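Heads up, the thing below is written out as structure tokens.
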Amino acid sequence: MTRSDAALDFLTQAGRYCREQADELQDLLSIVVQRTAPPGAPATQDHRALLASVRSDDRHSLGSQAVVAGLSLAVSVADQVRWLGVLLARPDDAVPLYAHASLARSALEAAALVAHLFADGQPFPIRLGRGVAFLLADADAAANGAAGIPGNPYMPTPGPGVQAERDRLFALVRQAKIEMVPNRTGNRIKGIRVRADGPEFPLVTRSSDLVEEAFPDMPKVYAMLSAVVHGMPWGLADSMRLGHREITWEPDPINVAGSVLPALTAAAITGRTVARYRGAGDTPAVAGLLRRQQTFDKAMQQFGREHGVLAGARPTIARFLTPT
């Protein structure tokens, strides 16, 4: 990276915004979760629906587990964004070539799942169906992973214990009178139905699809970050410089910003989603998260125009930015 004062100032600002965004999201989550949700909040309405439903105790347990899983994902968003800020805390010393993409993609994935599970604006059966499907998919993944870990003289294999936890969850779903839909061969569960006449909720959801749905203004952002995370040459090329008989790697401020902007957006969407679910969508912090994301968007555009670094960028990079 050309260590100009302008580039250092820009990256310093990016790191500060990430840390501030993470802190504000963490504070918002603490406030809205500890505060009693008002009568009209989706959280309150869901609670009433669970109490009135068939097998209410079992369904209430499943619904609570799904909400806790969603909140853990929201905390994960704050954590990823905060550590992206830490990476950029001292750009005069070092700026990551590629590590920023891993943190940004993790924040996007978690935020997209939060939006999927809390299903802002959707009725209660959608949230319950998505939540139970997510829990079952997670239990399957945990059991499959643990089954491949061998034991040793100091530690037994974790497979049987994790499998038992998975079996208990599946039994609870059956007790709750939630239908589990097998695949064609009958060797695994591919989806669930909360009601016999209701929609089927698939256990497997593609992260790329959820991200595209949650971040419609950032087309192909998941694919671009994944290209870096998975070490695809085209995703790594922008930090490489070819000269006469030499090759160097230097961080590119716009590429780094291409991770910061999605991460800030992930935090804003997460805060808004959880706050609305808890009936606190008008909390000033929700607007503050969005405002910080928009401010950095404008700063990114300004830096790119003033230094001519957007002219040669890929069109998909330019489309990260809000049109002027």
Side-chain angles (χ1 to χ4, degrees), residues 33 37 40-77 108-144 165-216 269-270 272-279 281:
V33 170
T44 304
Q45 296 172 357
D46 287 2
H47 179 67
R48 290 172 180 164
L50 283 166
L51 292 178
S53 67
V54 62
R55 306 293 298 184
S56 60
D57 288 347
D58 296 326
R59 291 194 173 202
H60 191 276
S61 177
L62 290 168
S64 297
Q65 290 181 52
V67 168
V68 171
L71 293 175
S72 296
L73 286 163
V75 173
S76 174
V77 174
L108 283 175
E109 287 179 330
L113 270 171
V114 169
H116 177 72
L117 293 174
F118 287 102
D120 189 23
Q122 299 293 322
F124 160 70
I126 299 292
R127 282 189 287 275
L128 181 61
R130 290 178 178 180
V132 172
F134 177 70
L135 293 175
L136 293 177
D138 182 69
D140 267 343
N144 290 336
E165 291 180 9
R166 179 234 183 232
D167 292 344
R168 283 193 289 270
L169 176 64
F170 275 62
L172 179 60
V173 172
R174 294 188 185 95
Q175 289 173 203
K177 302 298 182 183
I178 293 175
E179 179 187 1
M180 291 189 281
V181 183
N183 63 357
R184 290 183 179 179
T185 59
N187 65 338
R188 65 176 179 84
I189 304 299
K190 71 181 182 72
I192 60 106
R193 285 193 182 94
V194 175
R195 299 193 311 263
D197 59 345
E200 178 183 331
F201 297 94
L203 262 63
V204 177
T205 53
R206 293 175 55 186
S207 294
S208 56
D209 292 341
L210 295 181
V211 170
E212 286 191 14
E213 181 180 348
F215 299 86
I269 288 177
T270 298
R272 182 185 64 191
T273 300
V274 176
R276 285 181 176 176
Y277 179 71
R278 298 289 300 176

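The first residue in the sequence is number 1, and the count goes up from there. Here the structure is a predicted model, which is why all the values come from computation and not from measurement.
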Does the side chain of Leu113 come within less than 4.5 Å of Glu109's, by heavy atoms? no
Hey, which of Val194, Ile192, Asp46 is the one that makes side chain to side chain contact (heavy atoms under 4.5 Å, CB included) with Leu128? Val194
Starting at OG1 of Thr273, measure out to CG of Leu73 and round the result to the nearest 0.5 Å. 11.5 Å
Any donor-acceptor pair under 3.5 Å linking the side chain of Arg59 with the backbone of Ala176? yes
Working to the nearest 0.5 Å, report the span between CG of Leu62 and OG of Ser64. 9.0 Å
Considering all heavy atoms of both residues, which atom of Gly186 and which atom of Pro182 are nearest to each other, and what is their separation? CA-CB, 4.2 Å
Residue pair Tyr277 / Pro42: nearest heavy atoms and the distance that separates them: O-CD, 3.4 Å
Distance check, rounded to the nearest 0.5 Å: Leu169 atom CG versus Arg174 atom CZ? 10.0 Å
Do Thr205 and Arg130 touch side chain to side chain, with heavy atoms closer than 4.5 Å? no
Report the residues that fulfil side-chain hydrogen bond (donor to acceptor under 3.5 Å, both in side chains) with Asp120, sequence neighbours left out, ordered by chain and then residue number. Arg276
Using modelled atom types and a 3.5 Å cut-off, is there a donor and acceptor pairing between side-chain atoms of Gln45 and backbone atoms of Gly40? yes
Among residues at least two apart in sequence or on other chains, which ones pass side-chain hydrogen bond (donor to acceptor under 3.5 Å, both in side chains) with Glu213? none
Give a yes or no answer on whether the side chain of Arg166 reaches the backbone of Ala142 with a donor-acceptor pair at less than 3.5 Å. no
Between Ser56 and Ala52, is there a donor-acceptor pair closer than 3.5 Å when you use the side chain of the first and the backbone of the second? no
Quick one: side-chain hydrogen bond (donor to acceptor under 3.5 Å, both in side chains) partners of Ser61, sequence neighbours excluded? Gln65
Short side-chain to backbone donor-acceptor contact, Arg193 and Glu179, under 3.5 Å: no
A quick test of your reading: do over 12 heavy atoms of other residues, nucleotides or ligands sit less than 6.0 Å from CG of Asp57? no
Do the non-hydrogen side-chain atoms of Phe118 and Leu71 ever get within less than 4.5 Å of each other? yes
Is there side-chain contact between His116 and Phe134, with at least one heavy-atom pair below 4.5 Å? no
For Asn144 and Asp140, does a side-chain donor sit closer than 3.5 Å to a side-chain acceptor? no
Nearest 0.5 Å, what's the OG1-NZ distance between Thr185 and Lys190? 11.0 Å
In short, Gly191 meets Leu203 closest at the heavy-atom pair CA-CD1, 3.6 Å
For the atom pair CG (Leu50) and CZ (Arg48), what is the distance rounded to the nearest 0.5 Å? 12.5 Å
Minimum heavy-atom separation for Ala110 to Val77, with atom names? CB-CG2, 3.5 Å
Distance-minimising heavy-atom pair for Ala111 and Thr270: CB-OG1, 3.3 Å
Are the side chain of Arg127 and the backbone of Gln122 linked by a donor-acceptor contact shorter than 3.5 Å? yes
Taken to the nearest 0.5 Å, the spacing of Ile126 CD1 from Phe124 CZ works out to 11.0 Å
